[in-house]
Amino acid sequence: MKIEGVYFSYGRRNEIFRGFDCELHGGKTVLLGPNGAGKSTLFRIMAGILKPSAGRVVLPDSPGPVSPSRSQVALMPQDVPPIPGLRVDEQVAYSGWLAGLSRRDAQSRAVEVLAAVNLSDKASSRASRLSGGQLRRVGLAQALAVNPQVLLLDEPTAGLDPAQRHSFREVLKSVPSGDQVVVVSTHLVDDIEDLYDRVVVMNEGCVIFTGTPDEFINLSEPGPNRAERSYLGLVGSERT
Ligand SMILES: Nc1ncnc2c1ncn2[C@@H]1O[C@H](COP(=O)(O)OP(=O)(O)OP(=O)(O)O)[C@@H](O)[C@H]1O
């Protein structure tokens with residue numbers, strides 16, 4: 001997936017991207033950057049929710065620029081809203097149906113993806129009765145139900161307790177990506193070698209690093225908290 005020459009502003013004054021370029025490959029990429037760097041805005045542009053004033057988003061295997069539709073790019077937002085009155089399996093199937101699956105296919109896909117995120121036992125519960133960590137997994141299941149070319153997870157572990165964070169990371173680890181482009185924005189740098197194939201660091205609307213987790217770690221001297229030191233070396237220690 002390529003993001004080419006993207007310009008975007010919120011209103012007239014708040015310019016976030018000025019000719020932003022980035023290429024994302026199949027596999028799992030972690031997107032790092034300080035608060036306000038533009039990660040969520042980039043995700044919304046990639047998902048077609050926000051429209052850049054110039055530039056384009058090009059999807060893999062597409063001959064030219066395309067307008068990303070729900071079935072090509074799935075975005076799991078920071079807060080996954082439970083749909084009032086729906087059971088977990090219904091909420092997940094609804095996403096598949098919205099992406100164009102038949103009702104029956106959406107239901108069987110929901111069963112598969114709920115198993116993939118370890119939530120089969122909650123399939124019949126009301127989504128509104130789940131914990132924050134369980135709801136994130138519903139959100140991931142909803143995104144997987146679409147079987148998108150590009151899967152974007154916006155800070156999927158923010159606000160979770162350590163046990164829920166661990167459980168979410170295990171689920172993420174087990175999700176096969178292959179040719180699928182999976183991009184996860186996070187502020188957690190401690191486990192990137194385990195989970196990701198590529199690292200992209202953004203600051204003030206620009207990409208300031210891309211490379212493998214090894215290349216990222218090797219930006220700093222060996223020792224404790226090496227990934228964190230690499231990150232702080234890139235973005236400056238006062239900005240976390
Ligand atoms: N709906 C909006 N209207 C106006 N400005 C916005 C809006 N959403 C984000 N911004 C601004 O755009 C900039 C980038 O925000 P964005 O949420 O994309 O950053 P981020 O890297 O995802 O940050 P965080 O790590 O805190 O989630 C920030 O200055 C933010 O205040």
Side-chain angles (χ1 to χ4, degrees), residues 1-24 28-57 67-68 70 73-81 132-133 135-137 139-140 142-143 148 150-162 164-165 168-169 172 181-192 195-196 198-211 213 216 219 225 227-240:
M1 175 179 220
K2 284 186 189 162
I3 298 116
E4 295 177 338
V6 159
Y7 283 71
F8 180 82
S9 307
Y10 287 109
R12 280 207 199 143
R13 299 225 173 118
N14 198 358
E15 186 174 61
I16 310 298
F17 296 119
R18 194 180 169 77
F20 182 89
D21 292 308
C22 184
E23 189 164 355
L24 296 158
K28 291 176 191 155
T29 295
V30 61
L31 179 63
L32 303 171
N35 291 131
K39 303 179 297 294
S40 300
T41 305
L42 178 64
F43 276 179
R44 287 186 219 122
I45 291 171
M46 289 164 76
I49 297 165
L50 294 176
K51 197 169 156 24
S53 53
R56 60 184 195 163
V57 175
S67 165
R70 282 204 161 90
V73 181
L75 169 63
M76 176 183 151
Q78 284 183 20
D79 292 309
V80 177
L135 259 182
R136 299 290 171 96
R137 282 187 273 153
L140 180 59
Q142 284 182 260
V150 180
L151 176 58
L152 307 171
L153 309 181
D154 198 356
E155 294 193 39
T157 55
L160 300 187
D161 70 34
Q164 287 179 328
R165 229 163 35 217
F168 194 92
R169 280 198 298 244
L172 187 59
V181 176
V182 179
V183 190
V184 181
S185 80
T186 179
H187 291 283
L188 299 174
V189 291
D190 45 0
D191 55 358
I192 59 172
L195 270 174
Y196 303 106
R198 304 282 300 170
V199 181
V200 174
V201 184
M202 278 176 69
N203 199 6
E204 296 178 354
C206 296
V207 171
I208 56 168
F209 173 86
T210 54
F216 175 75
L219 291 173
N225 306 323
E228 193 175 312
R229 284 186 287 112
S230 293
Y231 174 75
L232 294 176
L234 285 167
V235 303
S237 54
E238 78 284 7
R239 315 202 46 176
T240 54

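Atoms within a ligand are numbered from 1 in the order they appear, just like the ligands themselves. All values derive from a computational prediction rather than experimental measurement.
Of all protein heavy atoms, the one lying nearest to atom 19 (O) of ligand 1 is G38 N, 3.2 Å. Considering only non-hydrogen protein atoms, atom 1 (N) of ligand 1 sits nearest to Y10 CE2, 3.7 Å. Scanning the protein for heavy atoms near atom 16 (P) of ligand 1, the closest one is T41 OG1, 3.6 Å. Ranking protein heavy atoms by distance to atom 12 (O) of ligand 1, first place goes to I16 CD1, 3.2 Å. Counting only heavy atoms of the protein, atom 20 (P) of ligand 1 lies nearest to K39 N, 3.5 Å. For atom 14 (C) of ligand 1, the closest heavy atom belonging to the protein is G36 O, 3.4 Å. For atom 26 (O) of ligand 1, the nearest non-hydrogen atom of the protein is N35 ND2, 2.8 Å.
Sorted pairs that involve residues 28-51 and meet salt bridge (charged side-chain N to carboxylate O under 4.0 Å, His left out), not counting sequence neighbours, are lacking altogether.
Heavy-atom proximity to atom 27 (O) of ligand 1, evaluated over R44, R13, M202, E155, is greatest for E155.
Listed by number with element, the atoms of ligand 1 under 4.0 angstrom from any heavy atom of Q78 are 27 (O). Proximity to S40 (heavy-atom distance under 4.0 Å) selects the following atoms of ligand 1: 17 (O), 18 (O), 20 (P), 22 (O), 27 (O). Heavy-atom contacts of H187 reach the following atoms of ligand 1: 25 (O) (cutoff under 4.0 Å).
Residue R18 qualifies as open at atom CZ: its count of foreign heavy atoms under 6.0 Å is 12 or below. Heavy-atom contacts from other residues, nucleotides or ligands closer than 6.0 Å to CG of D79 number 12 or fewer.
The main-chain N or O of F216 is found under 3.5 Å from a side-chain atom of S230 such that the two form a donor-acceptor pair. Formation of a donor-acceptor pair under 3.5 Å by the S53 side chain with backbone atoms of Y7 is found in this model. A side-chain donor-acceptor contact under 3.5 Å links S185 to the backbone of E155. Side chain of N14 to backbone of S9: no donor-acceptor contact under 3.5 angstrom is found. Proximity of a side-chain donor or acceptor of R136 to a complementary backbone N or O of M76 within less than 3.5 Å is not detected.
Inside a 4.0 Å radius of atom 31 (O) of ligand 1 there is not any protein heavy atom.
Counting heavy atoms under 4.0 Å from ligand 1, residue N14 touches it through the side chain alone.
At least one heavy atom of P34 sits less than 4.0 Å from an atom of ligand 1.
Remark: T41 pairs with Y10 by the side chain to side chain donor-acceptor pair (under 3.5 Å) rule, at least two apart or across chains.
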